[in-house]
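Heads up, the thing below is written out as structure tokens.
Labels below follow one simple rule: chain letters A, B, ... track the order of the sequence lines, proteins then strands, and each chain is numbered from 1.
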Amino acid sequence: MLKQSMELAIVQEGAVVSIAVKGRLDSVGSDMLKARISQLIESGTTRLVIDFGQVAYISSAGFRVLLVAARQTEHTNGALALSGVGGEVRRLFDLAALTEMFTILPDRAQAVAALANRDR
Amino acid sequence: LKKPTTITYAVDDRPPLVVTVLSGLQHVGIIAIVLVFPLLLGREAGLPADQTSDILGTTMLVLGIGAVLQSLPRGGIGAGYLCPPVCTAAYLGPSLLAAKTGGISLAFGMTAFGGLVESALSRLLRPLRPYLPPEVSGLVVVLIGVSLGSLAFRNLLGIGLPQAEQLPHFSVAAVTLGTMVGLSVWSHGGLRLFCALIGMAAGYAVAAVSGVLTTADLQTVQSAPLVSAPGIAVHGWSWDASLAIAFGVAALSNCVRAIGDVTICQKINNADWVRPDMRSISGGALASGLTNILGGVLGGHGVSTYTSSVGLAAATGVTSRQVGYAIGGIFVVLAFMPKASAVFLIMPAPVIGAATLFTSAIIFLNGLQIITSRLLDARRTLTIGLGLIAGVTVEVILAIADGSSTWLRPVIGSSLVFGTLVALAFNLLFRVGVRQHVEMSLRADAHDPAKVEEFLRRNGALWGARPDIVNRVVFGAGQLVEAVIEHGNPSGALELQARFDEFDFDLRLSYEGAALELPEQRPSTQEIRDTDAGAMRLAGFLLRRNADRARVEQQGSRVAIWFLFDH
């Protein structure tokens, strides 16, 4: 059992919901994130931003949750965007050869704006 | 390879023919500046103009073949990148020494020997890393700059010239050096790129006006045939064991340079670059060695990879290996055009002095930058300090070797050789007691990742490990423990060990349970999403890619997973 060391802050901005992740996105954190994303999608959210500005670590479990979330939003004709992916976390996305699989924008405001303007 | 956005034509691309040829000419332009080295060798050896012209022609031929060898994408020879060779100052000093003691044939024989040493070293680069640390590589480059600079000043000052010839000599030197320095500091674009060539052209012009360049010199160019084969292997070869160390150090310096240059090639061609590819680096060092064997056998000057050419490729965004083939073709054509060699052949001594001084200053600073890029602890400070003082002492007290025994003379008669050997000896001595080792026990049922991270970062800082390596180690440990707890079904404690010795950071986790797979290929996104096996294989893939080397060992139910990070 891993000790939990992650926090989530959820903000609704128009049709877009952003989740700011803080801490380590390891297997424990990933279970928590996965549960919150499922709740949001079940309650009708289709446009989702996950902000990595305060994430120091992402493991294979974290990448798995992101891939699942991308498919879930795709199935609801929505979209997923990531923001704040820099430094060590960016290196890990490149290491996993998964950078190209996601829409990544520099910061949360740009990511929210991009999803808000989608299909307008 | 993922092409970076700054690169227009990457290593595997085929640019249009015009782009390929023009890029090739640009590289030939900056490589040609250092053709002053074979010219210096011929002059200092007292060869007549036609024989010096042969050395120039043969060197161009060898440069052409070397450019093609370095570009070869497979076969184990060549870096596989646009990484053309250039005449190197590392071979100039030993070659001058050889030419003075045993004639030009000795310089060629020993250059071939240096090539053999380089070729052998190219196969041993990985295990040799602890004995060739970057700061010693930097010192070698600094000493090349020092020895080249002192040679340059001799040519620049025109020591021993009659009074009447001194003013025109200084005028040519001042205009040449002033143009090079001025354009390098205050201009940009093409002028800056070709500042050395433009400075040399200005020097030629002033030399023609002031009479330093004589009518006889101009007639040499005029009378040189347009097309003719250079005199190849006309001087023969000889061997002198007492010079083996001097040429061995030159070979070592070339290998060090190949490591740096090929690494830059890899980085500029791949946006996903993570770490040096030692196969390509060894291929690059081998190509350099083979080129020098060929150069020695045919009668050309020693060469090495060229950082400025790699920089030019990055700056222009054209790094295609097709340009390497074009450079090879252009140099081979020039080798058979004695008129082109003759232009270099008549280069006035003050122009040579200015060009060499300009080059030596840049080489010197490059070396200093390599040294200061490392955290200089007491061991490194003493290693570099003592090596530098030893080298500079030889340059200051030129007669230092005169009273020594014959076998010692080539060692303490060269600043490069003496300084490098002193630094290598102290580096070897100071390796005693450098290996550090710590371990901690983890519980799978109550694992706190923050404690492991704090433990690794604290010890990494104590050992002076580079932050980027510590980040990789921290991720490796976190992902490994997490994957073992999730997928390895561990029972009992997990033992984590970290070892460090300045060149390697090792991480080892041992436990009772199932082994993890560390695949070379990433599982598909569908596998990762839909199956636990896919998630486990992604963890293994990340772990393998994160480290420079990885190994899984299993004895009964005891599993040990080991990662090595080159430092």
Original post:
Are there more than 12 heavy atoms of other residues, nucleotides or ligands under 6.0 Å from atom CD of B:Gln521?
Top reply: no
Original post:
At a heavy-atom separation under 4.5 Å, does B:Asp468 approach chain A through its side chain, its backbone, both, or neither?
Top reply: neither
**OP:** Report, as yes or no, whether the 6.0 Å neighbourhood of atom CZ on B:Arg458 holds more than 12 heavy atoms from other residues, nucleotides or ligands.
**Re:** yes
Subject >> Between CG on residue A:Asp26 and NE2 on residue B:His447, distance to nearest 0.5 Å >> reply: 8.0 Å
**OP:** Pick one of side chain, backbone, both or neither for B:Gln526, based on which atoms fall under 4.5 Å of a heavy atom in chain A.
**Re:** neither
Subject >> Flag side-chain contact, heavy atom, 4.5 Å: A:Leu95 against B:Arg522 >> reply: no
Original post:
Crowded around B:Arg14 CZ? As in, over 12 foreign heavy atoms under 6.0 Å?
Top reply: no
Original post:
Is there a side chain to side chain contact (heavy atoms under 4.5 Å, CB included) between B:Arg529 and A:Phe63 once you walk through the steps?
Top reply: CA-CA 9 Å; B:Arg529 269 190 321 243; A:Phe63 286 118; over 6 Å; no
**OP:** Rounded to the nearest 0.5 Å, what's the gap from OG on A:Ser59 to CG on B:Leu538? Could you check?
**Re:** 8.5 Å
**OP:** For atom NZ of B:Lys267, decide whether the heavy atoms of other residues, nucleotides or ligands shown that lie under 6.0 angstrom number more than 12.
**Re:** no
Subject >> Shortest non-hydrogen separation from B:Gly478 to A:Arg24 and the atoms involved >> reply: CA-NH2, 4.3 Å
Original post:
Which atom names give the shortest non-hydrogen contact between B:Glu482 and A:Ala61, and what distance separates them?
Top reply: OE2-CB, 3.8 Å
**OP:** Please determine which of B:His487, B:Glu486, B:Gln479 meets the side chain to side chain contact (heavy atoms under 4.5 Å, CB included) test together with A:Ser60.
**Re:** B:Gln479
**OP:** Starting at OG1 of B:Thr525, measure out to CG of A:Leu66 and round the result to the nearest 0.5 Å.
**Re:** 12.5 Å
Subject >> B:Asp532/A:Arg64 ion pair, N-O < 4.0 Å >> reply: yes
**OP:** Determine, stepwise, if the pair B:Phe475 / A:Arg91 fulfils side chain to side chain contact (heavy atoms under 4.5 Å, CB included).
**Re:** CA-CA 11 Å; B:Phe475 170 75; A:Arg91 182 184 79 84; 4.0 Å; yes
Subject >> Within 6.0 Å of CZ in A:Arg36, more than 12 heavy atoms from elsewhere >> reply: no
**OP:** Measure distances from A:Leu92 to the heavy atoms of chain B and classify the residue's part below 4.5 Å as side chain, backbone, both or neither.
**Re:** both
Original post:
Does any heavy atom of chain A fall under 4.5 Å from the side chain of B:Phe541, the backbone, both, or neither of them?
Top reply: side chain
